[in-house]
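Chain identifiers are assigned alphabetically (A, B, ...) following the order of the sequence lines, protein sequences preceding nucleic acid strands; residue numbering begins at 1 within each chain. Values reported hereafter were calculated over all heavy atoms of this structure, with side chains retained and with hydrogens, waters and symmetry mates removed.
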Amino acid sequence: MPELPEVETIRRDLTPLLVGRRVTRVRIHAGGERLAITDPPRVFERRLQGRGVVGIDRQGKYLLLRLDDGWTWVIHLRMTGSIVHVPAEAPLGRFERARIDLDDGSTLRFNDLRKFGTWHLVEDAAEAMPHSGPDALSEAFTPEWLLSRLRGRSTSVKAVLLDQSVCAGVGNIYADEACWIASVDPRTEASRIGPVRARRLHAAVLETLGASLANRGSSFSDYRDGLGAAGLHHVRVHVFRREGQACERCGGIILKARVAGRGTHFCPRCQRK
DNA sequence: ACTATGCCCTGGGTGC
DNA sequence: TGCACCCAGGGCATAG
């Protein structure tokens, strides 16, 4: 499941390969009908054809391909999507949903087992992500901002961390990891978090995202970088999918519970409510 | 305004 | 071996 570190790794991989290139042909395969949100598949293909890529940005988990007509091609990978740069002759993948041919003879393949990924072609990227707040790595994401969004809420800390209007880019893996680093029980009612723990949580979010980014992301299942390789960070996590194992900080047994509708991993001994 | 739930989708795992 | 079920979860719509 690509979250901020994974999407940023892809952005960095694809930037030198795509910027300055022109799209010569796009094919959304049968079965990929739901991929293009803003237009029917054939219209989407035609509108991208001939467009040059002038830059790639990222906002939260969204990849923003800036086009030479001023529009933006907004890509979201959801859980199982990947976008990989390969030679034209590379075989059709089992879960390939679309193929983009570039003017240097190379191609991009959009793979997505579960077909949750989305493409938008929009004049203003905000149209495609109306609920997105400050990116977790932006200067707008501050301890004060996080505290203001925790205040007065009866929901769990985990639910607030997963809220893309609070810290865009944090998903299930890094919400659990941040809670562990900050020694906060993810089930804690948000309103119980004061300035001290809000500051710790804020620092923990930056720490876990930074560590994963340095390892090119986590590949628990389908995530692949822009060149098709797995990330390296999944073996370095503290709690995510480590239920039943010993907490490396206190020796407690890591539990798994359902919090905010998501599988949630934490150490009940050293993570406090 | 806030909160919880269900939907989309398919492969992999489990239990009988 | 086969089959039915459950689980994974990001973002959105909907209900309460």
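If you check every strand for non-hydrogen atoms under 4.0 Å, A:T118 touches nothing. In this structure, A:M79 reaches the bases: a heavy-atom distance under 4.0 Å links it to at least one base atom across the strands shown. Counting any heavy atom pair closer than 4.0 Å across all strands shown, A:R97 reaches no nucleic acid atom. Counting non-hydrogen atoms under 4.0 angstrom, A:G263 reaches the backbone sugars and phosphates but no base.
Atom pair A:D222:CG and C:dG10:P shows a separation of 13 Å (rounding to whole Å applied). Protein atom NZ of A:K256 is 12 Å distant from nucleotide atom C1' of C:dC6, rounded to whole Å.
Counted within 6.0 Å of CZ on A:R11, heavy atoms from surrounding residues, nucleotides or ligands total more than 12; the atom is thus considered enclosed.
Taking CG of A:L48 as the reference point, atom CD1 of A:I28 lies at 8.0 Å (rounded to 0.5 Å). In this structure, A:K273 NZ and A:R187 CZ are separated by 4.5 Å, a value rounded to the nearest 0.5 Å. Distance check, rounded to the nearest 0.5 Å: NE2 of A:H202 to CZ of A:F141 gives 4.5 Å.
Inspection of the A:E127 and A:H120 side chains reveals no N or O donor paired with an N or O acceptor under 3.5 Å.
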Q.
How would you summarise protein contacts on nucleotides 11-16 of chain C per nucleotide, using B for base, S for sugar-phosphate only and - for none, with heavy-atom distances below 4.0 Å?
A. BS----

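Protein chain A touches strand DNA chain B; the 5'-most and 3'-most nucleotides with an atom under 4.0 angstrom of its non-hydrogen atoms are B:dT3 to B:dG11.
Remark: A:E45 engages A:R27 in a salt bridge, criterion side-chain N to carboxylate O under 4.0 Å. Salt bridge annotation for A:D112-A:R97: absent, with no cationic side-chain nitrogen under 4.0 angstrom from a carboxylate oxygen.
OP1 or OP2 of C:dC7 has not a single side-chain nitrogen or oxygen of A:R241 nearer than 4.0 Å.
Each of A:Q164, A:R58, A:Q59 was checked for a side-chain hydrogen bond (donor to acceptor under 3.5 Å, both in side chains) with A:D135, and the lone residue meeting it is A:R58.
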